[in-house]
There are 2 protein chains.
Amino acid sequence: MQSKLGKILVVDDEKDIIQIVKYNLELNGYEVEIAENGVDAISKAKSFKPDLILLDIMMPHKDGIQTCIELRANSEYDDTLIIFLTAKSDEQSEIKGLELGADDYISKPIKPKLLVSRIHSAFRRLSKDDGKIISFPNLEINRERFLVKHNGVEVMLPRKEFELFSLLASKPGRVFLRNEILEKVWGSEVIVGDRTIDVHVRKIRQKLNADFIHTVKGVGYKFEI
Amino acid sequence: MQSKLGKILVVDDEKDIIQIVKYNLELNGYEVEIAENGVDAISKAKSFKPDLILLDIMMPHKDGIQTCIELRANSEYDDTLIIFLTAKSDEQSEIKGLELGADDYISKPIKPKLLVSRIHSAFRRLSKDDGKIISFPNLEINRERFLVKHNGVEVMLPRKEFELFSLLASKPGRVFLRNEILEKVWGSEVIVGDRTIDVHVRKIRQKLNADFIHTVKGVGYKFEI
DNA sequence: TAACGAGATTACGAAATTGTTAAGTTAGCT
DNA sequence: AGCTAACTTAACAATTTCGTAATCTCGTTA
C-alpha cells in the first residue's frame, strides 16, 4: 500500500455526500476524516490537522463561510487548503468564498472524477508554493534574490515592502486582513500604528508604478494582476 | 561485500521492469529504492535522498516529465542525477527531457549491460563535477588552490575571505542571509560579532577591487557579476 | 450637506543596518 | 621572544529603512 497523499477533512451535513466523497478520496490515496457541521469541523481540524478541508457552505451549526473565516483567522491553518463544496451555483458566494481565503470552489452535484482532479491540482499548487519564485505574465517575484521584475525591469524593494508584497502575491485574489498582514510581516510581538501598512502599500505601488495591490475597504488588501 | 557505490531511485509503473533494473543495479553495487509513480517518487526522493533517479516518462499519477520539473524546482536535488527511462523512441521527448534538467536518457527495451554502463558513467561525471573551479567570464575561483583570478590577475585570499566569497559565488544571484553565512563559514558553535562579516566583505571588495558582492539591507549578501 | 470612517499622501525624525578604519588578539614561524 | 598574517572587535560614520503624525480625499450616512 502506498503512503497517503495527504489528509482531507470533509465537512458536510448530508451523510450521503460524505460517503461518496470519502469513498472516492480514499480510493485515490487520501486519508479522510469527516465532520458534520462547522463547529465539529473546527474541533476536528484541531486534532486531525488536515492538509485540505472540503467545506460545505450551507450547514446547521455554523455555516461554511463562517467556519472558513474562523479557520483563516488562526495562523495555525495558514498552510491548510480550503475548498468550498456547495449546491449554490450562486456566483456571489463563490466570489465571497474565494476572497475569504478559500482556494477553490466545487459545485454540487459532485462528479467524483472532477472532485479528485481538482483536489490533486490543489495539492500540486500547494507543494509548488514553497517555490522561490512567484511569477505572472509581466511580473516575477524572486524570493531567493529579493528581487521583483516588472516588465523586464528589476526593482529592489526594501525588506518590509518585499515581504508585504510577496505575502499578498503568494495567494493572488485572496484578501488578507490587516491583522493577518501585521502578524506575518511584522510578527506578533511588534506593535505598529494603523497607518503603517498603508504607507508601505503606497511605496510598493509607487515603485512598481502599477496597481497590483487592491484595497478592500474595511477588510484588508489583496494582490491581483 | 563492497560499500555501496551510490543510491538509485527507480521509478516505473511496470513491476517487471523495476525488478530487472533493481536486480542488475544491486548486482553492480548500487543501493536501490523503488517508486511506482511520480507522486510516490517525490516522496521517496525526500526520504531516500538518492544520488540518481531513473525515471520512466509514462506513468499514472504524475508522469516523469512533470516529476522531473518538480524535482528540479527544488534546490535540494541540485546534485541529484536524473535519467529518463522510456519506451518512446520519440526524439521530441528526449529533447524535452534533457532541457528539463535530466542528465541522460535510456530507451526501452532495457539492455542490462548498457544500463549499468550508462549509470556508471553518469556517476563518473558527477564525481568529477563537484567542481573545484567556479568560473565566470572574467573571474575564476579555484577551490583547490584557494585562488581567485580576476581579469587574469591571481589574487590570494585568506581562508575566511575565500570561503565567504566562494560560498556566495556558488549560487550567483541568490541572497545568503547573515545567519546562513555565519553557519556555513564559521560553523554553528563559533560566535562572532556583528561586524565581522562586513569587515570580511569589505576586504574582499577591496582586494578584487570590484563589486561582485552586493548588499541586501536587512537580509544579507549576494554575489552577482 | 455636514459629519464621519477608512484609506491615501506627505514629509520628517528615529531606529536599524551596514561601511570603514584602526586597534587589539591569536596562532604559527623563525 | 619577536614577527607576521589572519581574524576579531570596537567605535563611529554613512545610509537606508521604518513608523508616525498631520493633512487630504472620497464615498457613505445621518
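Proteins come first, then strands; the chains are lettered A, B, ... in the order of their sequence lines, and each starts at number 1.
- Atom CZ of B:R205 is separated from atom P of C:dT21 by 13 Å (rounded to the nearest Å).
- In this model, the phosphate group of C:dG19 is approached by a side-chain N or O of B:T215 to a distance below 4.0 Å at OP1 or OP2.
- Under the rule for a side chain to side chain contact (heavy atoms under 4.5 Å, CB included), the partners of A:V199 that lie at least two apart in sequence or sit in another chain are A:K203.
- The ring pair (Phe, Tyr, Trp, His ring centres under 6.0 Å) test applied to A:F212 returns A:H150, A:F223, not counting sequence neighbours.
- Contacts of B:R145 classified as side chain to side chain contact (heavy atoms under 4.5 Å, CB included), with partners at least two apart in sequence or in another chain: B:N142, B:L147.
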Which atom pairs, donor and acceptor, lie under 3.5 Å between side-chain atoms of residues 154-167 of chain A and protein residues at least two apart or in another chain?
unit_1	atom_1	unit_2	atom_2	d
A:R159	NH1	B:G218	O	2.5
A:E161	OE1	A:K207	NZ	2.9
A:S166	OG	A:F162	O	3.4

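- Between C:dG19 and B:Y221, a contact under 4.0 Å exists linking OP1 or OP2 to a side-chain N or O.
- Look at CG on A:D211: it is 12 Å from C1' on C:dA8, rounded to the nearest Å.
- At C:dG7, none of the side-chain N or O atoms of A:R202 fall inside 4.0 Å of OP1 or OP2 (strictly under the cut-off).
- Side chains of B:I53 and B:T80 form a contact here, defined as non-hydrogen atoms less than 4.5 Å apart.
- In this view, A:E70 and A:K62, A:Q66 satisfy the side chain to side chain donor-acceptor pair (under 3.5 Å) rule, not counting sequence neighbours.
- Atom CD in B:Q206 sits about 11 Å away from atom P in C:dA22, given to the nearest Å.
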For nucleotides 25-30 of chain C, just jot down a letter per nucleotide in 5' to 3' order: B, S or -, based on protein non-hydrogen atoms under 4.0 Å. ------
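- Applying the side chain to side chain donor-acceptor pair (under 3.5 Å) rule to A:E33 yields no partners; only residues at least two apart in sequence or on another chain are considered.
- Every residue meeting the salt bridge (charged side-chain N to carboxylate O under 4.0 Å, His left out) condition with B:K171, not counting sequence neighbours, appears here in chain and number order: B:D78.
- Legend: residues meeting side chain to side chain donor-acceptor pair (under 3.5 Å) with B:D198, ordered by chain and number and at least two apart, are B:R178, B:R195.
- A cation-pi contact, defined as under 6.0 Å to the ring centre and within 45° of the axis, links B:R174 to B:F176.
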So if I define the base as every atom that isn't primed, P, OP1 or OP2, how would nucleotides 24-30 of chain D read as a B/S/- string at a heavy-atom cutoff under 4.0 Å? -------
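- Partners of B:S135 by side chain to side chain donor-acceptor pair (under 3.5 Å), not counting sequence neighbours: none found.
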Dump the pairs, protein N or O against N or O of nucleotides 3-10 of chain D, anything under 3.5 Å, distances to one decimal.
unit_1	atom_1	unit_2	atom_2	d
D:dC7	OP1	B:K160	N	3.3
D:dC7	OP2	B:R159	N	3.4
D:dC7	OP2	B:K160	N	3.4
D:dT8	OP1	B:W186	NE1	2.8
D:dT8	OP2	B:W186	NE1	3.2
D:dT8	OP2	B:H200	NE2	3.2
D:dT9	OP2	B:G193	N	2.6
D:dT9	OP2	B:T196	OG1	3.3

